[in-house]
Student: 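Quick one: this structure, given as structure tokens, is what I'll be asking you about.
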Amino acid sequence: MSKYFKTIVIILLLTLSIPHVALAVEPERPPKPTEGVESFYPDRGSSWDAEGITNLSASLISEYGCTIKNNGSNLSLTGTTTARYIVDKVSLTLYLQKWEGTKWVDVRSFAHSKSNIKSINDGNYIYSFERGNYYRTRAVHYVKDGSETDFKYSVSSYIYVN
């Protein structure tokens, strides 16, 4: 019995003397937003994923949308507003939004417009982020031709930045 007892004590001492490796534990994710659509991809979201493509045959605007991309150290926002033909004014305003637990809050906005053009493909607006949050982009698309105007709104799917 004493040999058995010594073996147990030696095993316990060896186990206790081995340094324990601390594993990096990722912080617990906050609950997912209750509004919007989660992206299919971990690093980018798009209004085409969230909303699909709409038939715009009766509109001045033929194509519009917005995207958000996590580049690892920052977020990149892009968007497009395309008219059916060259018009007096085309504009795009992009908003970076952050989920604040109960609602989406605009964190930053970027506006751009051009005259006598058909399309704005604008983007690569860069924003540094806070880890552990959900982000998305929303956009306002505007076209003016003479006295006729057209507005469209798009919202990307959201991504989690850890």
Side-chain angles (χ1 to χ4, degrees), residues 15-16 18-85 87 89-115 117-144 149-162:
T15 303
L16 293 174
I18 297 173
H20 294 286
V21 178
L23 299 175
V25 176
E26 186 175 313
E28 189 174 317
R29 255 189 202 201
K32 290 183 181 181
T34 55
E35 298 173 15
V37 175
E38 185 174 13
S39 177
F40 301 119
Y41 309 99
D43 64 341
R44 67 180 173 86
S46 166
S47 60
W48 292 281
D49 294 341
E51 301 169 350
I53 297 174
T54 306
N55 182 353
L56 301 173
S57 60
S59 173
L60 279 175
I61 297 174
S62 64
E63 183 181 346
Y64 65 99
C66 58
T67 61
I68 184 170
K69 183 171 185 193
N70 179 356
N71 296 322
S73 59
N74 54 51
L75 298 175
S76 171
L77 308 181
T78 57
T80 186
T81 304
T82 303
R84 294 210 164 281
Y85 45 84
V87 294
K89 182 178 181 180
V90 178
S91 73
L92 170 69
T93 305
L94 293 167
Y95 297 86
L96 175 64
Q97 292 190 309
K98 177 180 164 185
W99 181 251
E100 291 290 344
T102 59
K103 64 183 177 179
W104 289 102
V105 175
D106 292 339
V107 176
R108 189 119 189 242
S109 66
F110 308 93
H112 191 73
S113 66
K114 290 184 180 179
S115 298
I117 199 159
K118 183 177 178 181
S119 181
I120 290 180
N121 293 310
D122 209 10
N124 286 330
Y125 292 108
I126 304 298
Y127 180 77
S128 58
F129 54 79
E130 298 171 13
R131 295 187 182 281
N133 291 292
Y134 292 96
Y135 291 94
R136 71 179 186 181
T137 187
R138 72 177 180 93
V140 177
H141 311 272
Y142 172 78
V143 170
K144 180 181 186 311
T149 60
D150 197 2
F151 283 95
K152 300 292 181 205
Y153 304 94
S154 62
V155 178
S156 75
S157 50
Y158 62 81
I159 60 173
Y160 177 72
V161 179
N162 61 4

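The chain is numbered in sequence order, starting from 1. Predicted, not measured: the structure shown is a model, and the values here were computed from it.
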Student: Roughly how far apart are Ile61 CD1 and Thr82 OG1, rounded to 0.5 Å?
Tutor: 9.0 Å
Student: Working note: Val161 + Leu75, criterion side-chain contact (heavy atoms from CB on, under 4.5 Å); need CA distance, chi angles, decisive distance, verdict.
Tutor: CA-CA 9 Å; Val161 179; Leu75 298 175; 4.0 Å; yes
Student: For the atom pair OG1 (Thr93) and OH (Tyr153), what is the distance rounded to the nearest 0.5 Å?
Tutor: 10.0 Å
Student: Please report the interatomic distance OH(Tyr127) to CG(Asn74), rounded to the nearest 0.5 Å.
Tutor: 11.5 Å
Student: More than 12 non-hydrogen atoms from neighbouring residues, nucleotides or ligands closer than 6.0 Å to NZ on Lys144, yes or no?
Tutor: yes
Student: Does Tyr160 reach the side chain of Asn162, with side-chain heavy atoms less than 4.5 Å apart?
Tutor: yes
Student: To the nearest 0.5 angstrom, please state how far the OH atom of Tyr135 sits from the CH2 atom of Trp99.
Tutor: 14.0 Å
Student: Could you pull out all residues at least two apart from Ser76 that satisfy side chain to side chain donor-acceptor pair (under 3.5 Å)?
Tutor: Asn124
Student: Taking the side chain from Arg136 and the backbone from Ile68, do they hold a donor-acceptor pair closer than 3.5 Å?
Tutor: no
Student: Residues in salt bridge (Lys or Arg N to Asp or Glu O under 4.0 Å) with Lys118, at least two apart?
Tutor: none
Student: Checking Asn70 now: which residues fulfil side chain to side chain donor-acceptor pair (under 3.5 Å) with it, not counting sequence neighbours?
Tutor: none
Student: Show every donor-acceptor pair shorter than 3.5 Å between a side-chain atom in residues 104-113 and any protein atom, with sequence neighbours excluded, or say none if there are none.
Tutor:
unit_1, atom_1, unit_2, atom_2, d
Trp104, NE1, Glu35, O, 3.1
Asp106, OD1, Gln97, NE2, 2.9
Asp106, OD1, Arg138, NE, 3.2
Asp106, OD2, Arg138, NH2, 2.8

Student: Kindly write out the residues that satisfy side-chain contact (heavy atoms from CB on, under 4.5 Å) with Pro42, not counting sequence neighbours, or none if the list is empty.
Tutor: none
Student: Looking only at heavy atoms, which two atoms of Tyr134 and Pro31 are closest? And how far apart?
Tutor: CE1-O, 3.4 Å
Student: Could you work out, with ring-ring contact (aromatic ring centres under 6.0 Å, His included) as the rule, every residue matching Tyr142, not counting sequence neighbours?
Tutor: Phe151
Student: List in chain and number order the residues that pass side-chain contact (heavy atoms from CB on, under 4.5 Å) with Ser154, two or more places apart in sequence or in another chain; answer none if no residue qualifies.
Tutor: Ser47, Glu51, Tyr64, Cys66, Ala139, His141
Student: Please identify each residue that fulfils side-chain contact (heavy atoms from CB on, under 4.5 Å) with Asn121, with sequence neighbours left out.
Tutor: Thr80, Ser119
Student: Kindly write out the residues that satisfy side chain to side chain donor-acceptor pair (under 3.5 Å) with Glu100, not counting sequence neighbours, or none if the list is empty.
Tutor: none
Student: For the NZ atom of Lys69 and the CZ atom of Arg44, what is their distance to the nearest 0.5 Å?
Tutor: 8.0 Å
Student: Applying side chain to side chain donor-acceptor pair (under 3.5 Å), can you list everything that pairs with Lys98, at least two apart in sequence or on another chain?
Tutor: Glu130
Student: Holding to side-chain contact (heavy atoms from CB on, under 4.5 Å), I want the full list of residues that pass it with Ser39, two or more places apart in sequence or in another chain.
Tutor: Tyr41, Asp49, Ser157, Ile159
Student: Measure the spacing between CG of Leu92 and NZ of Lys114 and express it to the nearest 0.5 Å.
Tutor: 11.0 Å
Student: Give the minimum heavy-atom separation between Ser91 and Ile120, together with the two atoms involved.
Tutor: CA-CD1, 3.8 Å
Student: May I ask you to decide if Val143's main-chain N or O and Asp150's side chain share a donor-acceptor pair within less than 3.5 Å?
Tutor: no
Student: Any idea which heavy atoms bring Tyr95 and Thr137 closest together, and the distance?
Tutor: O-OG1, 2.9 Å
